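Bear in mind the structure is a predicted one, so any value in this text is a computation, not a measurement. All heavy atoms count here, side chains included; hydrogens, waters and symmetry mates do not.
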Amino acid sequence: MKYKKIQLKDVADIVMGQSPKSVFYNTNGNGTPFLQGVRTFGENYPQIDTWTTSYNRKAKSGEILFSVRAPVGRVNWANQDLAVGRGLAALKIKSGYSKEYLYYLFKKIGGQLDSLATGTVFTSINKKELEAIELKIPVNLSDQEKIADYLQKIDQEIELNNQINDNLVELVDSYFINFLNNVTTVEKTIEDIGTVVGGGTPSKKIAAYWNGDIAWVTPKDLSQHPLIFTSSGENYITGLGLAKGSAKLLPTNTILFSSRAPIGYISIAKNNLATNQGFKSVIPNKEYSFQFIYELLKHETAAIKNEANGSTFKEISGKKLKQHIINIPNSEDTSKFNEITKPIFKQLRKLEEENEKLLAIKKELLEKYF
């Protein structure tokens with residue numbers, strides 16, 4: 001496949017956004033849908049919550065949206081005609097080039113463009129700098145379209161799996177609430193149904209503690225990859241780092257519960273792993289399934305937050321989480337919940353694993369063709 005180097009101005013007309021005066025804003029749907037920046041950018045399309053009655057710089061449906069400040073390089077599709085603020089630009093792709101291919105190209109290189117940005121309060125990039133960005137793209141339009149088609153099919157499959165999982169999660173959540181409302185419950189504590197375990201961070205000054213084969217998870221990892229099942233985070237520690245620090249090796253099906261910054265990220269350990277001190281994880285007792293404790297902690301998160309302390313940021317201590325009072329059914333009724341939800345959680349895990357494989361293929365294609 002032959003490639004050529006070309007500047008962005010040769011493949012797209014760039015319309016820089018500009019914000020109208022605040023008096024022209026409204027949230028009642030009158031006027032033109034308005035997108036100030038990446039705050040409501042969404043994954044595939046922006047989520048509109050503001051309109052403007054005075055605006056001329058519009059992006060047409062199907063055009064590429066590109067963030068030009070705070071941060072530079074986020075990419076999205078305009079799924080309707082809308083107005084863009086000064087934090088964004090609309091890229092109007094010229095004939096002879098695949099806008100879908102260029103969308104994926106910008107997705108790959110967008111984050112790297114922040115190095116071109118300038119500014120003290122926040123970084124930004126101007127139109128002239130945008131136009132001068134050099135791109136490497138296939139010479140033939142048919143090659144661009146073929147590559148984009150592969151990637152679109154992968155994204156569509158991932159989106160379908162996510163929609164199925166969202167529906168399954170909603171089903172389990174509804175069933176859990178209905179279940180609790182229709183059984184006799186007894187008062188217990190979190191400590192009665194599982195072992196609460198904190199985490200820790202090995203000294204970063206000692207290289208021998210890091211880059212090992214033990215997965216080590218932080219709340220940030222869960223915020224960036226909010227999955228029901230978690231196998232690893234960004235970093236790994238060594239056996240020596242585990243032994244010399246306060247982190248503990250948690251078994252498969254431990255419920256990871258972030259206890260600060262923020263409280264309430266929840267995931268299920270897919271394999272043995274460790275966490276930092278931002279977690280108070282719960283290892284289920286023998287008579288309680290991970291499905292039940294996972295749903296219970298989701299249900300109790302608001303109440304747990306109310307018991308947290310802290311001035312800079314709220315935190316729930318291990319002692320308070322252990323003593324947190326819950327009302328749960330007897331073990332016989334809990335077993336019925338487990339029987340019904342076990343195959344659902346199995347399907348949730350399967351679809352998440354399928355998405356992981358699809359994302360790996362997508363990454364390989366991006367590395368190969370971009």
Side-chain angles (χ1 to χ4, degrees), residues 1-5 11 38 41-46 62 64-67 71 73-77 79 91 93 97-114 135-169 211 213-218 220-236 252 267-273 343-370:
M1 186 181 300
K2 292 184 178 181
Y3 285 80
K4 63 180 177 181
K5 290 184 177 180
V11 303
V38 299
F41 224 32
E43 178 61 30
N44 299 309
Y45 303 108
I64 297 172
L65 304 175
F66 190 90
S67 66
R74 290 282 303 278
V75 184
N76 213 313
W77 287 112
N79 61 335
L91 306 182
I93 306 304
Y97 299 97
S98 165
K99 64 181 180 181
E100 289 80 12
Y101 176 89
L102 289 165
Y103 168 82
Y104 285 109
L105 175 59
F106 296 138
K107 273 280 192 181
K108 184 173 188 295
I109 69 171
Q112 304 166 17
L113 300 180
D114 204 44
L135 308 173
K136 181 182 177 183
I137 65 176
V139 172
N140 295 325
L141 176 59
S142 60
D143 288 332
Q144 298 173 32
E145 292 172 337
K146 188 183 298 183
I147 294 167
D149 185 57
Y150 290 152
L151 293 168
Q152 283 184 312
K153 287 178 179 176
I154 291 173
D155 280 346
Q156 289 166 1
E157 188 66 26
I158 291 172
E159 180 62 25
L160 177 60
N161 286 344
N162 285 336
Q163 289 175 1
I164 294 172
N165 268 7
D166 288 345
N167 291 336
L168 290 175
V169 167
N211 299 316
D213 57 2
I214 299 172
W216 183 77
V217 179
T218 69
K220 181 181 177 182
D221 293 319
L222 297 193
S223 72
Q224 294 177 334
H225 305 284
L227 299 175
I228 297 167
F229 292 88
T230 294
S231 60
S232 62
E234 183 180 355
N235 296 297
Y236 286 76
T252 301
S267 189
I268 302 164
K270 195 173 174 181
N271 42 254
N272 293 350
L273 53 78
I344 299 176
F345 275 85
K346 185 177 181 180
Q347 180 68 3
L348 288 168
R349 176 168 175 164
K350 178 184 176 183
L351 291 175
E352 286 191 345
E353 289 174 347
E354 284 184 8
N355 277 357
E356 288 177 0
K357 292 176 183 177
L358 289 168
L359 287 169
I361 294 171
K362 180 179 177 179
K363 181 179 179 181
E364 185 178 334
L365 289 173
L366 289 172
E367 293 295 332
K368 181 177 181 179
Y369 292 117
F370 292 84

*Asks:* Partners of Ile164 by side-chain contact (heavy atoms from CB on, under 4.5 Å), sequence neighbours excluded?
*Replies:* Leu160, Leu168, Leu351

*Asks:* Between the side chains of Asp143 and Lys2, is the shortest nitrogen-to-carboxylate-oxygen separation below 4.0 Å, so that they form an ion pair?
*Replies:*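 Salt bridge absent between Lys2 and Asp143.
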
*Asks:* For Glu234, what residues pass the side chain to side chain donor-acceptor pair (under 3.5 Å) criterion, not counting sequence neighbours?
*Replies:*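 Applying side chain to side chain donor-acceptor pair (under 3.5 Å) to Glu234 gives none.
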
*Asks:* Just to verify, what does Asn355 make a side chain to side chain donor-acceptor pair (under 3.5 Å) with, not counting sequence neighbours?
*Replies:*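 Counting only residues at least two positions away or on another chain, Asn355 forms a side chain to side chain donor-acceptor pair (under 3.5 Å) with Asn161, Asn162.
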
*Asks:* Not counting sequence neighbours, which residues clear salt bridge (charged side-chain N to carboxylate O under 4.0 Å, His left out) with Glu356? List them please.
*Replies:*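 With sequence neighbours excluded, Glu356 shows a salt bridge (charged side-chain N to carboxylate O under 4.0 Å, His left out) to Lys270, given in chain and number order.
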
*Asks:* Who pairs with Lys136 by side-chain contact (heavy atoms from CB on, under 4.5 Å), at least two apart in sequence or on another chain?
*Replies:* Tyr3

*Asks:* Tell me, please, which residues at least two apart from Lys146 pass side-chain contact (heavy atoms from CB on, under 4.5 Å).
*Replies:*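 Residues passing side-chain contact (heavy atoms from CB on, under 4.5 Å) with Lys146: Tyr150.
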
*Asks:* For residues 348-370, pull every pair meeting ring pair (Phe, Tyr, Trp, His ring centres under 6.0 Å), keeping only residues two or more places apart or in separate chains.
*Replies:* Tyr101-Phe370

*Asks:* Counting distance only, does the side-chain N/O of Thr230 pair as donor-acceptor with the main-chain N or O of Ile268 below 3.5 Å?
*Replies:* no

*Asks:* Between Arg349 and Glu353, is the closest basic N to carboxylate O distance under 4.0 Å?
*Replies:*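 Yes.
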
*Asks:* Excluding sequence neighbours, so at least two apart, what forms side-chain contact (heavy atoms from CB on, under 4.5 Å) with Val169?
*Replies:*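 By the side-chain contact (heavy atoms from CB on, under 4.5 Å) rule, Val169 matches Asp173, Ile228, Lys298, Leu348.
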
*Asks:* Can you list everything that forms a side chain to side chain donor-acceptor pair (under 3.5 Å) with Thr218? Sequence neighbours excluded, please.
*Replies:* Asp221

*Asks:* May I ask you to decide if Phe229's main-chain N or O and Glu352's side chain share a donor-acceptor pair within less than 3.5 Å?
*Replies:* yes

*Asks:* With sequence neighbours excluded, what pairs up with Asp149 under the side chain to side chain donor-acceptor pair (under 3.5 Å) test?
*Replies:* Lys153

